[in-house]
Protein chains: 2
Amino acid sequence: MNRMTTRTAAPTRREQILRHAARLFAERGFHGVGVDEIGAAVGISGPGLYRHFAGKDAMLAELLVGISERLLEGGRLRARAAEDGGPAAVLASLVEGHIDFALDDRPLITLHDRELDRLRDKDRRMVRQLQRQYVELWVDVVRRLHTAVPEAEARASVHAVFGLLNSTPHFGSHRGGLPDRSGTAELLRTLAHGAFASLGAWPSGAGQVPGGGPDTIDVQVDVESLHGTDGSGPAAG
Amino acid sequence: MNRMTTRTAAPTRREQILRHAARLFAERGFHGVGVDEIGAAVGISGPGLYRHFAGKDAMLAELLVGISERLLEGGRLRARAAEDGGPAAVLASLVEGHIDFALDDRPLITLHDRELDRLRDKDRRMVRQLQRQYVELWVDVVRRLHTAVPEAEARASVHAVFGLLNSTPHFGSHRGGLPDRSGTAELLRTLAHGAFASLGAWPSGAGQVPGGGPDTIDVQVDVESLHGTDGSGPAAG
DNA sequence: CCTCCAGGTTAACGACCGCTAACAACTCTG
DNA sequence: CAGAGTTGTTAGCGGTCGTTAACCTGGAGG
């Protein structure tokens with residue numbers, strides 16, 4: 001259960017299987033990978049997996065639920081830890097955590113929004129709920145930073161930035177990819193904050209996109225007014 | 001093999017099949033969709049598809065090659081048309097074109113970076129080459145805009161912004177999603193330009209990111225003609 | 001009327017895949 | 001060493017899937 005405390009004592013095989021299954025699922029898709037292949041990746045063969053998992057679906061379910069839980073838990077921890085710094089610090093912390101995740105667990109982050117529909121109803125609903133809560137963390141802080149941005153736009157922006165941050169799988173496959181991790185992290189951080197910063201000018205009167213010469217968009221953070229505005233959104237269920 | 005001009009007033013069976021196949025592939029993955037299902041979507045059943053395509057692989061290949069070709073061609077046209085306005089106008093035009101594509105052909109844009117590995121070597125190489133050329137269009141203009149950004153970082157940024165723009169499939173599945181097309185387009189445009197604009201401060205001394213204290217992020221954008229970009233309708237799908 | 005052809009149909013085949021059954025080897029106790 | 005539990009193995013079943021084969025149909029053309 002505990003990620004931090006458990007080291008080598010944990011069931012090695014299960015984790016081994018899960019890691020390779022994640023990689024294979026991300027590479028070839030859930031339906032494109034056979035159980036024999038997963039078994040071969042960990043040194044055992046075929047049906048031996050069924051000593052550890054109820055089935056292929058169960059592996060995917062555990063992977064996706066695990067990712068969602070860890071993302072949400074990490075996000076909550078970071079949001080709470082950075083709360084004193086105000087919304088900008090919280091957002092920066094969330095970005096940082098997501099970047100870490102995207103760089104450390106590329107296959108998982110790929111599965112996370114790709115193979116969700118292959119789950120059974122119960123699991124899918126659970127993953128969806130966890131995802132929604134994670135998104136909500138971001139939406140809340142974005143709306144505190146940019147109070148003029150409606151909720152729907154804030155949510156869409158968060159999803160868009162997720163797409164940006166989760167684009168790391170596309171980096172490695174090309175020649176001349178970024179070699180070092182910290183450089184990639186810094187680039188993603190810069191881009192993500194740049195995207196969010198652009199919301200400072202929202203709504204920019206229809207079609208008034210930044211233009212007409214060099215502009216300077218000042219991102220100002222109101223730390224004071226954020227506590228007062230906690231009205232629950234019209235939010236959808 | 002090659003339809004002379006795919007712009008048509010009367011969608012052929014082939015096009016009908018391709019459209020539905022794209023949607024189904026995007027929804028459930030290439031391996032997750034059976035030929036019977038594709039056939040049923042267009043009113044014929046199962047093996048009737050083989051009067052129009054050599055096989056399931058051929059459908060995917062034609063889809064992916066078609067997308068890549070259209071993306072590249074559209075990008076080249078737009079880049080050339082906006083050249084007089086300078087790099088900023090070219091970039092804005094590329095963004096505009098990609099947004100149109102992402103909004104009009106969501107399933108295709110999803111397949112474009114998801115099912116590439118299911119192709120035969122020859123087709124995959126062709127798609128990869130077209131994609132590379134398309135990316136090159138963007139990388140060139142980004143580097144002209146931000147001369148201090150190395151090529152690897154520019155390329156990664158382009159991929160990241162693609163991830164941002166291609167995130168539209170995630171919008172519709174939630175309640176409270178953006179209803180209107182133009183609003184979504186404007187949001188994506190704002191976010192994408194914000195991300196690119198952040199490269200203006202690259203390389204930003206490590207760790208300068210907001211977090212310790214809310215900064216003002218100077219986003220300099222020099223765009224004029226970007227809203228006035230050609231108003232031709234979206235390429236018919 | 002007969003032929004031809006494009007575009008359908010159903011039946012069925014072979015391959016693959018997820019999963020179970022039955023069995024084996026290697027611990028860990030006592 | 002006996003017995004039990006864990007973790008493998010191989011053989012094989014049932015179902016699905018992509019594809020092919022064989023047949024049908026509705027016009028176009030002489």
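Applying the side chain to side chain donor-acceptor pair (under 3.5 Å) rule to pairs touching residues 52-68 of chain A yields A/Arg14-A/Glu62, sequence neighbours excluded. Listed by first and then second residue, the ring pair (Phe, Tyr, Trp, His ring centres under 6.0 Å) pairs that reach into residues 12-51 of chain A are A/Phe25-A/Phe30, sequence neighbours excluded.
The side-chain contact (heavy atoms from CB on, under 4.5 Å) check on A/Ala58 picks up A/Ala54, with sequence neighbours excluded. Taking B/Glu136 as the reference, B/Arg155 meet the salt bridge (charged side-chain N to carboxylate O under 4.0 Å, His left out) condition, with sequence neighbours excluded. Not a single ring pair (Phe, Tyr, Trp, His ring centres under 6.0 Å) links B/His112 to another residue, sequence neighbours left out. The ring pair (Phe, Tyr, Trp, His ring centres under 6.0 Å) check on B/Phe162 picks up B/His98, B/Tyr134, B/Trp138, with sequence neighbours excluded. Taking the salt bridge (charged side-chain N to carboxylate O under 4.0 Å, His left out) definition, one finds that A/Arg76 meets it with nothing, sequence neighbours left out.
The 5' end of DNA chain C is approached more closely, in terms of each residue's nearest nucleotide, by B/Gly48 than by the other of B/Gly48 and A/Asp57.
Counting 5' to 3', DNA chain D first comes under 4.0 angstrom of a heavy atom of chain B and last does so at the ends given by D/dG18 to D/dC23.
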For nucleotides 20-25 of chain C, tabulate all protein N/O to nucleotide N/O atom pairs closer than 3.5 Å, reporting atom names and distance.
| unit_1 | atom_1 | unit_2 | atom_2 | d |
| --- | --- | --- | --- | --- |
| C/dA22 | N6 | A/Arg51 | NH2 | 3.4 |

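Atom CG in B/Asp36 sits roughly 10 Å away from atom P in C/dT10 (whole-Å rounding). Note: CD1 (A/Ile38) to C1' (C/dC16) measures 15 Å, nearest angstrom. C/dC19 atom P lies 12 Å from atom NE2 of A/His31, rounded to whole Å. Here C/dC16 presents its P atom at 15 Å from NZ of A/Lys56, a figure rounded to the nearest Å.
Here A/Val33 lies in heavy-atom contact (under 4.0 Å) with sugar-phosphate atoms only. When heavy atoms are screened at a 4.0 angstrom cut-off, A/Gly46 is found touching no nucleic acid atom at all.
Classification of B/Glu15 and B/Arg19 as a salt-bridged pair fails, no side-chain N sitting under 4.0 Å from a carboxylate O.
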